[in-house]
Amino acid sequence: MRLLGKLGLAVVACLFGAKLAAAETTVKWLHIEANPAQVKIWEEVARAYEGSHPGVKVEMQFLENEAYKAKLPTILQSKDRPNIIYSWAGGVLKTQIEAGVLDDITDSVKGYSDSLTPAALAAFTSNGRVYGLPTALSQVGFLCNKELMAKAKVDPAGIKSWDDLLAAVKTLKSAGVTPIVVGGADKWPLHFYWTHLAVRIGGKAAFDAALRGENGGFAGETFQKSGELFKQLVDLQPFQNGFLGFKNPQAVGYFGDGKAAMTLAISTVYHLQRALAADKVGLIEDKICWFDFPVVTGGKGAPTDTLGGITGWLITKGSPKEAVDFLKYFVSKEVQTRLAAGNFIIPVVQGADVGLNNAFMKLIAANLAKSNYHQNFYDQSLGPSVGRAVNDVTAEIAGGSMSPQEAAKAIDAAWKQGN
């Protein structure tokens, strides 16, 4: 009887253990963050969530930026797809919604979503339904090396217009300083020039008109002129030798190593350049500066108009409810405040900006707060196929194999074909 009793208990224990194992839920989280300091915090947040939610495991997976863009469509069709994926919103998000690969999380975030900056949440909302949660805002502008600028006697604060930037490039080259570093092999860093010039030349009205096919669409005057001005810069040969062969992380590291005076980049590069510099120190705070993208004489865009991202996370179709629950935990005031305090993000949760303790991050937050037109990156806003066309043709202009007029027409043709 005792033997039977022990066997019975063993069977119950095995069954109970099997039930616990079956009850464990794994939330697969795919990200592209290259900064180990920020990822360390994310991992700590994931482990803290696991600690307070027995039976749930958060599994982090990493893909490099370009590999992520290339592989994501295939990944989303897989039965083993991740539950939480990174997103720049815009037209790419719209395409994913239409493909039916995302979960509608509107009901799951009711009440909670009231804590988010409305404009940021709107970027992840379509037809009144929420498909993801924003996590950070960013601005594109020029990061600069104070020592190299001083060596050439160029005052960054004096670069206000496009002509000022061209003059600064000439002066830097005369002083033997590489003016600008760019990751041309990834193409999208080059599209910042063409896109930001369009923002300055035509403002929001020109972009909205092009979407409607008015005023010549993306082949119209605003977009041809943006290419022409970009070519003015290209003709000065402002970039490092072999720039079309540089991947963006390599270019960011190059800037962090103090080898170029400027880089047109997302504000997050302020911190990322340290992680990607050869010495893992990069440019410390008193050696780095920033100036907003220059205005264009006669341009219709406001000087306060910004280009940048509203980044966040999406939940894929058929994910467990724990995926949304973890995402709400991750995009919380507490975590956002911590990330803001580490100078990693401009937060989207109301009240989390109290964590900002760095003059640079406060400057970017102030710029975004006074911007009445924040243009999402064209290669995201216009959808995947048109976005690729934008990146391709701006790289072609930079390489000298396509004229500004041809580039504008190619983008317009891509837009018309997909709409």
Side-chain angles (χ1 to χ4, degrees), residues 138-183 189-203 225-240 243 251-252 254-256 258-270 273 283 285-308 359-368 370-371 373-375 394 397-398:
S138 65
Q139 180 188 357
V140 169
F142 279 96
L143 286 164
C144 49
N145 182 316
K146 286 183 179 180
E147 290 183 347
L148 292 181
M149 298 294 266
K151 177 183 176 181
K153 297 180 181 179
V154 173
D155 178 13
I159 303 176
K160 301 293 185 182
S161 70
W162 185 249
D163 288 339
D164 292 336
L165 177 65
L166 299 181
V169 165
K170 293 175 185 176
T171 303
L172 286 160
K173 289 197 72 171
S174 296
V177 176
T178 298
I180 305 171
V181 61
V182 66
L190 288 165
H191 111 283
F192 288 165
Y193 290 91
W194 187 87
T195 303
H196 222 321
L197 282 165
V199 169
R200 290 286 184 258
I201 294 165
K225 187 174 181 182
S226 64
E228 290 166 4
L229 295 189
F230 179 40
K231 189 174 184 303
Q232 286 182 354
L233 176 66
V234 168
D235 288 345
L236 297 179
Q237 298 183 343
F239 306 125
Q240 79 278 18
F243 72 94
V252 172
Y254 192 95
F255 177 74
K259 295 180 178 179
M262 299 179 282
T263 183
L264 181 62
I266 306 169
S267 49
T268 51
V269 166
Y270 173 84
Q273 56 87 20
L283 299 179
E285 191 168 339
D286 63 355
K287 291 186 178 181
I288 197 168
C289 51
W290 167 277
F291 60 92
D292 293 335
F293 194 88
V295 299
V296 172
T297 303
K300 296 177 182 177
T304 53
D305 290 346
T306 48
L307 172 71
F360 173 78
M361 298 299 281
K362 288 180 178 178
L363 169 66
I364 301 302
N367 285 349
L368 292 169
K370 65 187 178 186
S371 171
Y373 169 35
H374 184 66
Q375 174 60 55
T394 48
I397 295 174

query = Would Leu197 and Phe230 count as a side chain to side chain contact (heavy atoms under 4.5 Å, CB included) if you check the C-alpha gap in whole Å, the side-chain angles of each, and the deciding distance to 0.1 Å?
reply = CA-CA 8 Å; Leu197 282 165; Phe230 179 40; 4.0 Å; yes
Test ring pair (Phe, Tyr, Trp, His ring centres under 6.0 Å) applied to Phe142 and Trp290, step by step = CA-CA 6 Å; Phe142 279 96; Trp290 167 277; 8.5 Å; no
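With hydrogens and angles disregarded, a donor-acceptor distance shorter than 3.5 Å links the side chain of Ser267 to the backbone of Gln139. Panel note: side chain Arg200, backbone Asp305; a donor-acceptor pair is recorded below 3.5 Å. With hydrogens and angles disregarded, a donor-acceptor distance shorter than 3.5 Å links the side chain of Lys173 to the backbone of Gln237.
Using a 4.5 Å heavy-atom cutoff, the side chains of Phe192 and Ile266 are in contact. Within the 4.5 Å cutoff, side-chain heavy atoms of Met149 are placed close to those of Leu172. Annotation: side chain of Trp162 is not in contact with side chain of Thr297 (no heavy-atom distance under 4.5 Å). Put simply, the side chain of Leu283 reaches to within 4.5 Å of the side chain of Gln273, judged on heavy atoms. Side-chain contact check for Thr304 versus Asp292: every heavy-atom pair is 4.5 Å or farther apart. Contact of the Ile288 side chain with the Leu143 side chain is registered, since non-hydrogen atoms from C-beta on lie closer than 4.5 Å. Looking at Leu264 and Phe293, their side chains come closer than 4.5 Å, going by heavy atoms from C-beta outward. Between Tyr373 and Leu307 there is no side-chain heavy-atom pair separated by less than 4.5 Å.
Atom CD1 of Ile364 is separated from atom OG1 of Thr306 by 10.0 Å, given to the nearest 0.5 angstrom. One distance of note links CG of Leu233 with CH2 of Trp194; it measures 16.0 Å at 0.5 Å rounding. The CE atom of Met262 sits 5.5 Å away from the CG atom of Leu165 when rounded to the nearest 0.5 Å. One finds the CG atom of Leu368 at 5.5 Å from the NE2 atom of His374 (value rounded to the nearest 0.5 Å).
Listed by first and then second residue, the salt bridge (Lys or Arg N to Asp or Glu O under 4.0 Å) pairs that reach into residues 148-171 come to none, sequence neighbours excluded.
Looking at Thr178, Thr263, Ile180 one by one, the single match for side-chain contact (heavy atoms from CB on, under 4.5 Å) with Gln240 turns out to be Thr178.
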